[in-house]
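Fair warning: this is a prediction, and the values are worked out from it, not measured in the lab.
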Amino acid sequence: MHSESGPLGEFDLIARFFKSGADAMHSNGGPSNAIALGIGDDCALLKPPSGEDLAITSDMLVEGRHFFADANPQSLGYKALAVNLSDLAAMGAKPLGFTLAIALPKPDLVWLEGFSKGLFSIASQYACPLIGGDTTAGPLTISITAIGSTPAGKAIRRSGAKVGDQIWVSGTVGDARLALAALRHEIKLSEEDFMHIAHRMHEPTPRLELGIKLRDIASSALDVSDGLLGDLQHLLKQSDVNAEIFLNQIPKSITLQKQSIDIQNQFATCGGDDYELCFTASSAQSNAIAEISKAFDLPLTCIGKIVAKENSSKRIALRNTQGNLLSESETQSFLKSFDHFAS
């Protein structure tokens, strides 16, 4: 970042770009009776709704690891909160508020204006106020902790998948990876095609309403952040089951379908940054899931089923368009997921 103004102190920065936005949400009638005390004291105070459990999640975004140095600050502010809200969505939680800790190389007023605008646009959209945080000097790092709640015992966990359950995914997957490939000049896209998918990488949609609707339907769920099949393996491990997946049933956008079948499958299975929900449910819930899909105008696609665990090493069996099982080496190529410590 490059500073375009004079020095700005920490508390002036907080007041100008963050407390003002939090206060504006509060004065506009926003959210929440659950926030007893927000920014200004040593701690925020929460009063969770009676009979509800708290859901708490944290995500960190680091320049050069999670986003480019020249990333649009408004989109970055939006995405920083969106990825946390996606975690709440996966557990069927309703947002209550969030904290923000941010390290900045130097206070850049233009950058902070854009970042805070994006941050508060999504915070207002999902009634999730900023309730505290911290700032310091350092390499650009954004860490958000989001708090939500679910009715006691209703949270959707990763550990509930049962043999015979169907495996579903929301929306389409692979577009964020395709957008990244275009930005890296790995793949050439038309300007029109890039515009169709760029928002999937820069401003993903957290499926909060879907998560809440799935509380009494899904047996397990998680959000797809590091790659569909790589993330699915975490769910399978927690549930102590295996899965059978049909590659041709994984939902892909029209834009991704213009690419070779190899790229389609690679990006859809392990591209990452999709922030869709992958969930399991009994086949008896198929009609209810179809109704939710129709009500939200959101594709919900069955991509496979849960099967009994046969051995400790192989958790996912992949079938091709003809229904034939892929070899072990072919399968492994689709099971990679983003590793935050990989070089």
Are Leu335 and Leu222 connected in a single hydrophobic cluster, I mean Ile/Leu/Val/Met/Phe/Trp/Tyr linked by side-chain heavy atoms less than 4.5 Å apart? yes
Qualifying residues under side chain to side chain donor-acceptor pair (under 3.5 Å), relative to Asp216, sequence neighbours excluded: Lys154
From the list Leu81, Leu85, Asn84, side chain to side chain contact (heavy atoms under 4.5 Å, CB included) with Asp59 holds only for Asn84
Any side-chain donor near an acceptor of the partner, Ser220 and Thr280, under 3.5 Å: yes
Name the atoms and distances for all side-chain donor-acceptor pairs under 3.5 Å in residues 45-57, with sequence neighbours left out.
unit_1	atom_1	unit_2	atom_2	d
Glu52	OE1	Ser149	OG	2.6
Asp53	OD2	Gly153	N	3.3
Thr57	OG1	Asp87	OD2	2.9

To the nearest 0.5 Å, what is the distance between CH2 (Trp168) and CD (Gln249)? 10.0 Å
Roughly how far, to the nearest 0.5 Å, is the OG atom of Ser86 from the CE atom of Met91? 12.5 Å
Hey, is the main chain of [Y] close enough, under 3.5 Å, to the side chain of [X] for a donor-acceptor pair?
X      : Y      : value
Thr141 : Pro139 : yes
Gln264 : Gln257 : yes
Asp175 : Met201 : no

Ion pair present between Arg207 and Glu276, side-chain N to carboxylate O less than 4.0 angstrom? yes
Between Asp193 and Lys258, does any NZ, NE, NH1 or NH2 come within less than 4.0 Å of an OD or OE carboxylate oxygen? yes
Identify, with sequence neighbours excluded, every residue that meets ring pair (Phe, Tyr, Trp, His ring centres under 6.0 Å) alongside Phe115. Trp111
